[in-house]
Amino acid sequence: AQSVAQPEDQVNVAEGNPLTVKCTYSVSGNPYLFWYVQYPNRGLQFLLKYITGDNLVKGSYGFEAEFNKSQTSFHLKKPSALVSDSALYFCAVNEGSYIPTFGRGTSLIVHP
Amino acid sequence: GAGVSQTPSNKVTEKGKYVELRCDPISGHTALYWYRQSLGQGPEFLIYFQGTGAADDSGLPNDRFFAVRPEGSVSTLKIQRTERGDSAVYLCASSPSGSGITGELFFGEGSRLTVL
C-alpha cells in the first residue's frame with residue numbers, strides 16, 4: 001500500500017529565508033510524487049511532480065523539490081520565502097494506480 | 001478557461017437528511033475523483049470515475065454514500081441519512097484523458113457540508 005507522511009503540522013519561516021517542507025513516502029515499487037498548495041477557501045493547486053529522471057524538479061512560484069530514493073523523501077524547498085507563500089502544502093504519492101494518496105498537510109507561515 | 005466547478009459551495013443540513021453535491025469537471029477530462037477533507041486532515045479518497053463508470057469506489061465509507069456520472073461529464077455525490085460525522089469539505093478533481101497515473105489532478109474549490 002502507498003502512503004505519505006508529512007511530519008510537521010506547521011513550518012514557520014521569516015520572509016527572505018529559505019524554506020523546507022518535509023515529505024516521506026512508502027511504496028513497494030517506483031513512486032510518482034506530487035506537491036499541491038491550498039490557499040484559504042480554495043481548492044488544491046498543483047505545484048510540481050517527480051516522475052523519473054532528474055532528482056531535482058522545479059515547479060510553480062519558484063518552488064522545487066528533491067527526490068531522494070535512499071531516504072524515501074521528497075522535500076519541498078524554496079530559496080527565498082515570500083509572505084504570499086503562506087498556505088497549506090500537501091504531498092501526494094502514486095504507485096501504479098490512478099489514485100494519489102495525500103499527506104495530512106503542512107501549514108507554512110511566512111513572517112514579514 | 002473554466003476550471004472544476006462544485007456546487008453548492010456550502011451546505012448546512014440536519015442529521016438524517018439527504019444531500020447531493022455536484023461536480024462539473026474541466027471539459028474533456030475523462031477522469032473524475034471525489035475526495036473528502038476533514039478539518040486538519042489531507043484529502044481522503046472516496047471514488048474515481050473513468051468516463052461514465054466508477055473504476056474504483058473503495059474509498060466510499062459505507063452504503064449511505066453513492067456517486068454517479070451518467071454522461072461522463074458532470075458527477076453527483078449523494079449522501080443518504082446524513083450523520084454529524086459526514087461534516088467535511090468534499091473535493092472534486094479531474095484529469096485529462098491519457099495523463100495516466102503520472103498526471104496531476106485539477107481540483108475544484110470544494111463543497112463544505114455541515115450536518116447539524
Side-chain angles (χ1 to χ4, degrees), chain A residues 1-10 21-25 27 29-53 57 59-60 63 65 67 74 76 87-107, chain B residues 2-10 21 23-26 29-51 53-60 88-112:
Chain A
Q2 59 192 32
S3 67
V4 66
Q6 295 183 241
E8 304 153 316
D9 288 339
Q10 186 171 300
V21 182
K22 295 179 180 176
C23 172
T24 59
Y25 65 89
V27 296
N30 292 319
Y32 304 119
L33 294 155
F34 304 81
W35 276 101
Y36 289 81
V37 60
Q38 185 177 34
Y39 297 101
N41 300 314
R42 304 297 299 274
L44 278 73
Q45 297 176 36
F46 169 75
L47 271 182
L48 51 79
K49 65 182 177 183
Y50 171 82
I51 303 303
T52 187
V57 293
S60 309
F63 283 92
F67 171 65
F74 189 57
L76 181 70
L88 267 175
Y89 290 81
F90 292 94
C91 183
V93 66
N94 201 345
E95 177 212 4
S97 83
Y98 287 84
I99 301 162
T101 297
F102 286 82
R104 60 181 295 164
T106 298
S107 177
Chain B
V4 176
S5 175
Q6 291 188 247
T7 55
S9 55
N10 274 287
L21 307 175
C23 173
D24 200 342
I26 293 172
H29 282 194
T30 57
L32 186 146
Y33 301 75
W34 284 99
Y35 282 81
R36 178 168 69 174
Q37 186 176 18
S38 301
L39 194 62
Q41 302 296 319
E44 172 193 7
F45 168 72
L46 295 177
I47 186 169
Y48 157 62
F49 287 90
Q50 186 60 251
D56 189 327
D57 64 357
S58 62
L60 295 176
V89 177
Y90 289 81
L91 299 173
C92 178
S94 66
S95 68
S97 170
S99 65
I101 62 176
T102 62
E104 63 268 27
L105 303 187
F106 296 79
F107 282 85
E109 295 191 353
S111 291
R112 181 178 300 277

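Lettering follows sequence order; numbering is per chain, from 1.
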OH/A:Y98: more than 12 non-hydrogen atoms of other groups inside 6.0 Å
no

Would you call the rings of A:F102 and B:Y35 parallel, tilted or perpendicular, where under 30° means parallel and over 60° means perpendicular?
perpendicular

A:I99 side, atom CD1; B:Y48 side, atom OH - distance, nearest 0.5 Å:
7.5 Å

Against chain A, work out which of B:A55, B:G40, B:A31 has the most heavy-atom pairs shorter than 4.5 Å and name it.
B:G40

Ranking B:G103, B:G110, B:C92, B:S95 by heavy-atom pairs under 4.5 Å to chain A gives rank one to B:G103

Which atoms of A:Q6 approach chain B - backbone, side chain, both or neither, heavy atom under 4.5 Å
neither

For residues 39-53 of chain A, pull every pair meeting salt bridge (charged side-chain N to carboxylate O under 4.0 Å, His left out), keeping only residues two or more places apart or in separate chains.
A:R42-B:E109, A:K49-B:E104

Any idea which heavy atoms bring A:G103 and B:P43 closest together, and the distance?
O-CD, 4.3 Å

Check whether B:E44 gets within reach of chain A through its side chain, its backbone, both or neither, counting any heavy atom under 4.5 Å.
neither

Side-chain touch B:Y33/A:P100, heavy atoms, less than 4.5 angstrom
yes

How close do A:F90 and B:Q41 get, heavy atom to heavy atom, and via which atoms?
CE2-O, 4.0 Å

Can you confirm whether more than 12 heavy atoms, excluding those of B:F107, are under 6.0 Å from its CZ atom?
yes

Qualifying residues under side chain to side chain donor-acceptor pair (under 3.5 Å), relative to A:K22, sequence neighbours excluded:
none

A:L44 portion near chain B, given a 4.5 angstrom heavy-atom threshold:
both

Part of A:Y50 lying under 4.5 Å from any heavy atom of chain B:
neither

Heavy-atom pairs under 4.5 Å with chain A - which of B:V4, B:L105, B:D56, B:V89 has more of them than the others?
B:L105

So which of B:Q37, B:Q50, B:R112, B:Q6 has the biggest tally of heavy-atom pairs under 4.5 Å with chain A?
B:Q37

With a 4.5 angstrom heavy-atom cut-off, is it the side chain or the backbone of A:F34 that approaches chain B, or both, or neither?
side chain

